[in-house]
Amino acid sequence: MSSIYDDLKWRGLIADISSSEKIKNFFDKKLSAYVGFDPSFKSLHLGNYVTLTLVRRLTDAGHKVYGIVGGMTGLIGDPRDPKLSVSATLERQLKTKEEIESNVASIRQQLITYSHATDVFNNASFYKNMTVADYLRDIGKLINVNYLLEKEIIARRLETGISYAEFSYTLLQGYDSLYLYKNHDVVCQFGGADQWGNITTGLEMIRKTVGFKNQSCCFSVPLLLKPDGTKFGKSEKGAIFLDKNLTSPYEMYQFFINQPDEQVEELIKKFTFLSKDEIKKIIALHNKEPFKRIAQKCLAQAVVTDIHGNDEFEKCQKISNALFNDKLNSLTTSELFSALQGVNKYTVEDSKINICDLLVNAQISKSKSDARKLIKQNAISVNSTVINDFEFTLDKSQMIDNKFSYVKKGKKDYLLVLFK
């Protein structure tokens, strides 16, 4: 097997494979592959970023790799797994065609920017000349209903109910594979391990159409999970998006800096393009002095620089140093606002609020008496000004840049205050 395969295995980027012989042929002969992306939102997130790096690893090794944005499949959505959450027992909320088209355009641009894909297709183009009769004859006849019922995700959804639309989703994803195999010589599909059932349907369609003597194969990428078993890339506020307007570079930086020691080696292997030797040296240094968070810092630098550029990474370092060394006055307004994105937030419903009420409502103080005690100790400041008046009122006129204010308790406990 080729060296790129060995590297992907070492990094933990390959879970299931369809056929060792055909996978070997794919890697050795540097054949073409594709991976699909769901346009259910306008930006990809860190969970997708691992797949984007995989596209680059393969293209750098000489493969042609195509990115597919699901303009067609996104109109339906793949069946949710009821094992993942209670809400997964419900049908997906359908997006409008306009929403899907807008999301497709945004994600297509992100694929071009971050993945270095050979080309990016919208799979809606695969179906533009297809009638319902064509779909039933050319796609529906290829797959037996019993085959679909054996799919784990569909079998689980039968207990709670599944629409014909979501039941048919795997046929559409399978047809993507068949279309690309016939029209672009794409022999391999890869994707997240939770998509294995949909991915292998493509192999079945190719087999039914071309016969057993084909080169089609597939492999899955392990899902990234946090130590508690939840999906990686999620924070208390939601996903960590690649779009800086949705997740600031500083929030992303802090997300990586705060990763637990037990997971950082896995993440640095999967998220960075550092060599095996470089990673081994970083982990060895980290293990000697874990409190310095050497591995987390290398991880944050590599990913933030790759996604947002070196200038943004340096800003993140500046913000971090200012925030944790009580030097917020050294930051510009925009840098200060970015720094406070990672702290607790409180939105004031009225045009003003008493400082004691604010401290209690935002759960900085347990009670008003506790709030007054903190104020008396000069432990509370608003916009870097120490507050020593129990009757102090914060209002919109005191907002920085007419945008926000911030409260600090002690040396490092911050609160971002917004007004409706």
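Heavy atoms only: backbone and side chains are in, while hydrogens, waters and symmetry mates are out. Residue numbers start at 1 and run along the sequence shown. If you're wondering where the values come from, they're calculated on a predicted model, not measured in any experiment.
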What verdict does the side-chain contact (heavy atoms from CB on, under 4.5 Å) test give for L142 and L178, after you've listed the backbone C-alpha separation in whole Å, the side-chain angles of each residue and the deciding distance to 0.1 Å? CA-CA 11 Å; L142 294 175; L178 176 60; 3.9 Å; yes
Check for me whether K403 meets the cation-pi criterion with F337, that is, NZ or CZ under 6.0 Å from the six-membered ring centre and within 45 degrees of the ring axis. yes
Salt bridge check: are E266 and R11 linked by an N-O gap of less than 4.0 Å? no
Looking only at side-chain N and O atoms, does K352 offer a donor or acceptor that is under 3.5 Å from a partner on S397? no
Write down the atom of L336, the atom of I400, and the distance for their closest heavy-atom approach. CD2-CD1, 4.0 Å
Check the angle between the aromatic planes of F27 and H63 and answer parallel, tilted or perpendicular using the 30° and 60° thresholds. perpendicular
With a sphere of 6.0 Å drawn around NZ of K208, does it hold more than 12 non-hydrogen atoms of other residues, nucleotides or ligands? yes
Mark yes when over 12 heavy atoms from residues, nucleotides or ligands other than K64 sit less than 6.0 Å from its NZ; otherwise mark no. no
Quick check against the 3.5 Å criterion: does T118 have a side-chain atom that pairs as donor or acceptor with the backbone of V65? yes
Can you list the steps and then say if K292 with E289 is a salt bridge (Lys or Arg N to Asp or Glu O under 4.0 Å)? CA-CA 6 Å; K292 289 186 176 180; E289 299 177 295; 3.1 Å; yes
Side-chain donor-acceptor pair present, S275, D277, cut-off under 3.5 Å: no
Is it the case that the side chain of D16 and the backbone of A193 share a donor-acceptor pair, with hydrogens and angles ignored and the cut-off at 3.5 Å? no
Please lay out, stage by stage, how F419 and F404 fare under the test ring-ring contact (aromatic ring centres under 6.0 Å, His included). CA-CA 7 Å; F419 284 84; F404 67 98; over 10 Å; no
Would the distance check show the side chain of R293 and the main-chain N or O of K297 forming a donor-acceptor pair, the cut-off being under 3.5 Å? no
Among side-chain atoms of D395 and S351, is any donor-acceptor pair under 3.5 angstrom? no
Start with the C-alpha distance between V264 and F256, add both sets of side-chain angles, then the distance that settles side-chain contact (heavy atoms from CB on, under 4.5 Å), and finish with yes or no. CA-CA 9 Å; V264 71; F256 283 113; over 6 Å; no
May I ask you to check whether Y114 and Y49 place their ring centres under 6.0 Å from each other? no
Using only atom types and a distance under 3.5 Å, with no angle test, would you say the side chain of N383 pairs donor to acceptor with the backbone of Y406? yes
Return yes if a side-chain donor-acceptor contact under 3.5 Å exists between Q215 and N25, otherwise no. yes
Do K151 and T200 pass the side chain to side chain donor-acceptor pair (under 3.5 Å) test, and can you show the C-alpha distance, the side-chain angles, and the key distance before you say yes or no? CA-CA 10 Å; K151 296 291 184 183; T200 52; 2.9 Å; yes
Looking only at side-chain N and O atoms, does Q173 offer a donor or acceptor that is under 3.5 Å from a partner on D176? no
Flag yes if more than 12 heavy atoms outside K269 fall under 6.0 Å of its NZ atom; otherwise flag no. yes
Less than 6.0 Å separating the ring centroids of F126 and Y175? no
Whether E335 side chain and T332 backbone form a donor-acceptor pair below 3.5 Å: yes
Between the main-chain N or O of V50 and the side-chain N or O of T53, is there a donor-acceptor pair closer than 3.5 Å? yes
Using a 3.5 Å distance criterion without hydrogens, assess whether the side chain of N258 forms a donor-acceptor pair with backbone atoms of Q254. yes
Is it true that D60 and H116 share a donor-acceptor pair across their side chains at a distance under 3.5 Å? no
Carefully, step by step, assess I17 and I14 under the rule side-chain contact (heavy atoms from CB on, under 4.5 Å). CA-CA 8 Å; I17 62 172; I14 295 181; 3.8 Å; yes
Closest non-hydrogen atom pair between R57 and I4, with its separation: O-CD1, 3.8 Å
Does this structure show an ion pair linking E314 with K318, if we count only N-O contacts that are shorter than 4.0 Å? no
Got more than 12 heavy atoms from elsewhere within 6.0 Å of CD, E262? yes
With a 3.5 Å distance limit and no angle check, can you tell me whether Q263 reaches the backbone of Q259 through a side-chain donor-acceptor pair? no
Would you please say whether a donor-acceptor pair under 3.5 Å links the side chains of Q195 and S220? no
Check: I283 main-chain N/O paired with N287 side-chain donor or acceptor under 3.5 Å: yes
Walk me through it: do M252 and I307 pass the test side-chain contact (heavy atoms from CB on, under 4.5 Å)? CA-CA 10 Å; M252 182 181 289; I307 295 174; 3.8 Å; yes
Any Lys/Arg nitrogen of E278 or K281 sitting under 4.0 Å from an Asp/Glu carboxylate oxygen of the other? no
Aromatic ring proximity, centroids under 6.0 angstrom, F241 and F41: yes
Output all residues satisfying side chain to side chain contact (heavy atoms under 4.5 Å, CB included) with S177, sequence neighbours left out; order by chain, then residue number. Y34, Q189, I206
Given D6 and K276, is the salt bridge (Lys or Arg N to Asp or Glu O under 4.0 Å) satisfied, shown in steps? CA-CA 11 Å; D6 293 337; K276 182 185 292 190; over 6 Å; no
Answer yes if the side chains of S40 and D38 hold a donor-acceptor pair under 3.5 Å, and no otherwise. yes
Quick check: does any side chain N or O of D306 sit under 3.5 Å from a backbone N or O of A302, one acting as donor and the other as acceptor? no
Side chains of N122 and E101: is there a donor and an acceptor less than 3.5 Å apart? no
In terms of side-chain heavy atoms, does S338 have a donor or acceptor partner in S248 at a distance below 3.5 Å? no
Please check if atom NZ in K396 has more than 12 non-hydrogen atoms from other residues, nucleotides or ligands closer than 6.0 Å. yes
Y253 ring center within less than 6.0 Å of H308 ring center: no
